[in-house]
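We name chains A, B, ... by the order of the sequence lines, and we start the count at 1 in each one.
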2 protein chains.
Amino acid sequence: MSLRHGLLGILAEGPASGYDLAGRFQEVLGMVWPAQHPKIYAELGKLADEGLIEVDSVGARGRKAYRITPEGLAEVRRWLTSTEVDHTMRLQALLRSVFFWLMPADDLRRHLEAEAAYYQRTADFYRELAAAKDRGEYGDSPPTQAIRIAAEAGIRLHQALADWAAWAQTAPLSTDDDPDA
Amino acid sequence: MSLRHGLLGILAEGPASGYDLAGRFQEVLGMVWPAQHPKIYAELGKLADEGLIEVDSVGARGRKAYRITPEGLAEVRRWLTSTEVDHTMRLQALLRSVFFWLMPADDLRRHLEAEAAYYQRTADFYRELAAAKDRGEYGDSPPTQAIRIAAEAGIRLHQALADWAAWAQTAPLSTDDDPDA
DNA sequence: CTCGAACATGTCCTAAGGTACATGTCCGTT
DNA sequence: AACGGACATGTACCTTAGGACATGTTCGAG
């Protein structure tokens, strides 16, 4: 249940509406923790019921901005410092790699090339994000510095996968070329 | 819905029981695609209903070994070659890093050290696995070669995270040292 | 022969995630 | 004045994941 803490963490930066939060999860956070607006609105309702957040203001078009409460701030801090990190890494690309031997050699080559290109693109995206932060385009507030650190992980992870996909094309593997079996 | 394809892929290597599959998912696959036995038994039932696998033999202690059918094999191949890769990378450690600025500096330092140690350990685990494969301890059948490739990804990803955690300790970050707020 | 560990399969319930559906507002352009 | 796009919030439903519970068997060690 990390979504609630993700929401609390973003709200710790300042008040935001469900729509705002959905946007944030879409752009940057979405690559590391996808969340759709229905889940977000539902979770915000629960957090408000529990007193971890409260309505800050109601604006035009029914916009409801939430503000984190002291209890909510304490809860994110507790999560960050006192709970075990879940190291689960569900990567479909890696699951697929276990079954590469079932792919015709030609399809596999194309697949690895596409994968390498995708990961390289994504690594470059994070590289650009990091560069923009380093140029000071987003200021240097603590939240911005933290996102810079997260971006570095994005760069390193995706570059590692891009290099891996390139390496995999040179690795020995007898593929099963007969699709009729 | 990758679990079904994960099961089909393992069964493509040869007949296995739900218990066997749970074991396989626990050891190696578990790090990339966790699955508990209740899910596995349920999915095996569905796969059998759809004719993608069938009961191969019933042994002692109610052991039911399943065998992949030609339709099942075609389905894994279809999944591998004709479906889009889901690049979602849900990493709690990365989500947390976005909120590092909320952690007291001392807790953060300890946290990053523990994280670095964990990732280094895991990278070394995959390194040992890869070395064993390279020494030929598991033969050199196509499935073994594929697992060697997957292990390489495990090494690179976890090493990247270990290096990142070490780097993060040197990155500029004004943390919020006041837990009462 | 007894007992514990590993073998072996399953049900049930809850939580979490994802898609589709549904509704209404405000603003800028044509 | 009409319309489209971005803003904004929600409900309903279905699938997937995970933990708790439940049951019975075989085998080896003491």
Counting heavy atoms not belonging to Q26(A), are there more than 12 under 6.0 Å from its CD? no

What's the verdict on side chain to side chain contact (heavy atoms under 4.5 Å, CB included) for H111(A) and F100(A), showing C-alpha distance, side-chain angles and the deciding distance? CA-CA 10 Å; H111(A) 171 76; F100(A) 277 171; 3.8 Å; yes

L47(B) atom CG is separated from dT16(D) atom P, nearest whole Å, by 11 Å

Could you state the atom-to-atom distance from NZ of K46(A) to C1' of dG17(C) in whole Å? 11 Å

For DNA chain D, what residues of residues 35-44 of chain A have any heavy atom nearer than 4.0 Å? H37(A), P38(A), Y41(A)

Looking at CG of L52(B) and CD of E43(B), how far apart are the two atoms once the value is rounded to the nearest 0.5 Å? 9.5 Å

Neighbours of DNA chain D within residues 16-34 of chain B, by heavy-atom distance under 4.0 Å: P34(B)

Are K133(B) and E137(B) close enough, and set up right, to give a salt bridge (Lys or Arg N to Asp or Glu O under 4.0 Å), and what steps lead you there? CA-CA 6 Å; K133(B) 301 268 177 196; E137(B) 282 178 28; over 6 Å; no

From CG of L7(B) across to P of dT16(D) the rounded distance in Å is 12 Å

Hey, is R96(B) close enough to E115(B) for a salt bridge, meaning N to O under 4.0 Å? no

For atom CG of D86(B) and atom P of dT16(D), their distance in whole Å: 13 Å

Residues in contact with DNA chain C, drawn from residues 48-68 of chain A - heavy-atom cutoff 4.0 Å: R61(A)

Charged N to carboxylate O under 4.0 angstrom, E152(A) versus R148(A)? yes

Any side-chain heavy atom of V76(B) sitting closer than 4.5 Å to one from I68(B)? yes

Between V32(B) and Y118(B), is there shared hydrophobic-cluster membership here, with clusters defined by ILVMFWY side-chain heavy atoms closer than 4.5 Å? yes

Base, sugar-phosphate, or nothing: which does R90(B) touch, judged by heavy atoms less than 4.0 Å apart? sugar-phosphate

Within a 6.0 Å radius of atom OH on Y138(A), are there more than 12 heavy atoms belonging to other residues, nucleotides or ligands? no

Is the cationic atom of R4(B) (NZ for Lys, CZ for Arg) positioned less than 6.0 Å from the six-membered ring centroid of W79(B) and within 45 degrees of its normal? no

Distance in Å, L7(A) CG paired with L3(A) CG, rounded so as to fall on 0.5 Å steps: 4.5 Å

